[in-house]
Student: 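Sharing a structure, written as structure tokens. Questions coming.
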Amino acid sequence: MSDELSEALREVLTLTQLARGALAERLAMPLTNVEAVEHVVMARAAGEPIGPVELSRRLGVTSAAGTQSVNRLVSEGHLTRAAHPRDGRRQVLDVTESGLDHVMGELAPLLALLYQAGRDLDDAERAAASRYLHQVARAYRSYLERPGPPRTQSPADRHEGRP
């Protein structure tokens with residue numbers, strides 16, 4: 001199944017991955033740490049605090065690897081860690097102003113270019129593009145909700161006591 005829209009979307013997705021790598025390089029941060037900050041920022045914007053366990057799940061890393069990333073980002077001044085407002089047993093993460101400034105300082109030029117890319121669209125073109133992108137997002141959410149094959153246990157999982 002290949003058409004012009006699908007090919008353009010594949011190109012955008014590929015370029016997005018390349019831009020993420022370039023962003024990490026320009027920030028002198030491992031890609032996982034850039035993604036961690038991004039998840040914390042998105043959770044903050046949604047008004048849904050995120051903790052280290054959820055962050056590890058979203059990053060697709062073990063809790064040990066997630067904790068290591070969080071510890072590094074906290075020690076570098078990019079994130080803070082605090083008690084959850086309703087459940088003191090849990091922790092929530094937040095991005096610091098300096099962490100946000102660091103990432104946004106490098107990301108702002110790309111965001112400006114993306115804004116310019118859609119600025120010249122008329123209302124009908126904007127509506128069509130928006131409808132398509134929302135349908136693509138719905139397709140991704142649908143895919144993510146589907147159960148995958150059973151995961152085989154890695155030696156690291158057995159060591160951490162996970163089933």
Side-chain angles (χ1 to χ4, degrees), residues 9 12-118 130 133-163:
L9 178 61
V12 167
L13 293 173
T14 299
L15 291 168
T16 299
Q17 287 302 106
L18 293 171
R20 292 169 72 80
L23 176 64
E25 187 175 308
R26 291 173 185 180
L27 292 171
M29 295 170 66
L31 182 56
T32 302
N33 289 5
V34 173
E35 291 172 341
V37 171
E38 181 180 69
H39 282 292
V40 172
V41 168
M42 290 185 332
R44 175 185 181 180
E48 300 170 0
I50 185 173
V53 173
E54 174 63 15
L55 180 60
S56 297
R57 188 190 67 72
R58 290 185 186 191
L59 293 172
V61 300
T62 65
S63 59
T67 298
Q68 188 176 34
S69 287
V70 167
N71 289 343
R72 186 178 306 119
L73 289 165
V74 168
S75 71
E76 292 172 353
H78 297 299
L79 295 181
T80 60
R81 185 186 344 227
H84 191 282
R86 292 180 302 280
D87 181 354
R89 298 168 298 172
R90 295 175 47 211
Q91 294 181 336
V92 292
L93 303 170
D94 200 2
V95 64
T96 63
E97 287 305 313
S98 63
L100 190 58
D101 289 347
H102 181 65
V103 173
M104 290 309 293
E106 192 55 52
L107 194 54
L110 174 60
L111 295 177
L113 291 168
L114 293 174
Y115 173 77
Q116 287 175 356
S130 179
L133 292 173
H134 284 291
Q135 289 172 344
V136 168
R138 193 171 318 125
Y140 272 103
R141 280 191 295 278
S142 177
Y143 178 80
L144 291 170
E145 290 169 0
R146 284 183 30 209
R151 187 174 154 228
T152 58
Q153 191 177 39
S154 74
D157 290 339
R158 285 191 293 275
H159 177 70
E160 291 184 15
R162 288 198 296 249

Student: How about L111 and M104: do any of their side-chain heavy atoms sit closer than 4.5 Å?
Tutor: yes
Student: Taking all non-hydrogen atoms of both residues into account, name the closest pair between G99 and T96 and its distance.
Tutor: N-OG1, 2.8 Å
Student: Listing request: all side-chain hydrogen bond (donor to acceptor under 3.5 Å, both in side chains) pairs with a residue in residues 23-33, at least two apart in sequence or in separate chains.
Tutor: N33-S69
Student: Could you give all pairs that pass the side-chain hydrogen bond (donor to acceptor under 3.5 Å, both in side chains) test and reach residues 73-85, with sequence neighbours left out?
Tutor: N71-R81
Student: Of the non-hydrogen atoms in P52 and L93, which two are nearest, and what is the gap between them?
Tutor: N-CD1, 3.9 Å
Student: Applying side chain to side chain contact (heavy atoms under 4.5 Å, CB included), name anything that partners Q116, two or more places apart in sequence or on another chain.
Tutor: L113, R119
Student: Could you list the residues that satisfy side chain to side chain donor-acceptor pair (under 3.5 Å) with D101, not counting sequence neighbours?
Tutor: none
Student: To check you understand the geometry: which heavy-atom pair defines the closest contact between S98 and G77, and what is its length?
Tutor: OG-O, 3.2 Å
Student: So do V34 and V103 actually touch side chain to side chain, heavy atoms under 4.5 Å?
Tutor: no
Student: Only pairs at least two apart or in different chains count here, so list each ring-ring contact (aromatic ring centres under 6.0 Å, His included) that has a residue in residues 19-55.
Tutor: none
Student: With sequence neighbours left out, write down each residue that passes side chain to side chain donor-acceptor pair (under 3.5 Å) with T67, or none if nothing qualifies.
Tutor: none
Student: With sequence neighbours excluded, what pairs up with Y143 under the side chain to side chain contact (heavy atoms under 4.5 Å, CB included) test?
Tutor: R146
Student: Over all heavy atoms of both residues, which pair between L31 and G21 is shortest? Give the atoms and the distance, please.
Tutor: CD1-N, 4.4 Å
Student: Drop me the distance from L79's CG to D94's CG, to the nearest 0.5 angstrom.
Tutor: 8.0 Å
Student: Among residues two or more places apart or on two chains, list those pairs meeting side-chain hydrogen bond (donor to acceptor under 3.5 Å, both in side chains) that have a residue in residues 13-22.
Tutor: R20-E35, R20-E38
Student: What's the shortest heavy-atom distance between P30 and A24, and which atoms?
Tutor: C-CB, 4.3 Å
Student: Using the test side chain to side chain donor-acceptor pair (under 3.5 Å), find all partners of E54 that sit at least two apart in sequence or belong to another chain.
Tutor: R57, R58
Student: Just jot down the salt bridge (charged side-chain N to carboxylate O under 4.0 Å, His left out) partners of E97, sequence neighbours excluded, or say none.
Tutor: R44
Student: Let me see the working for Q68 and V61 under side-chain contact (heavy atoms from CB on, under 4.5 Å), right down to the final yes or no.
Tutor: CA-CA 10 Å; Q68 188 176 34; V61 300; over 6 Å; no
Student: In chain order, what residues pass the side chain to side chain donor-acceptor pair (under 3.5 Å) check against E106, with sequence neighbours excluded?
Tutor: none
Student: Could I get the full list of salt bridge (charged side-chain N to carboxylate O under 4.0 Å, His left out) partners for R138, not counting sequence neighbours?
Tutor: none
Student: S56 and S63: which non-hydrogen atoms are nearest, and at how many Å?
Tutor: OG-CA, 3.8 Å
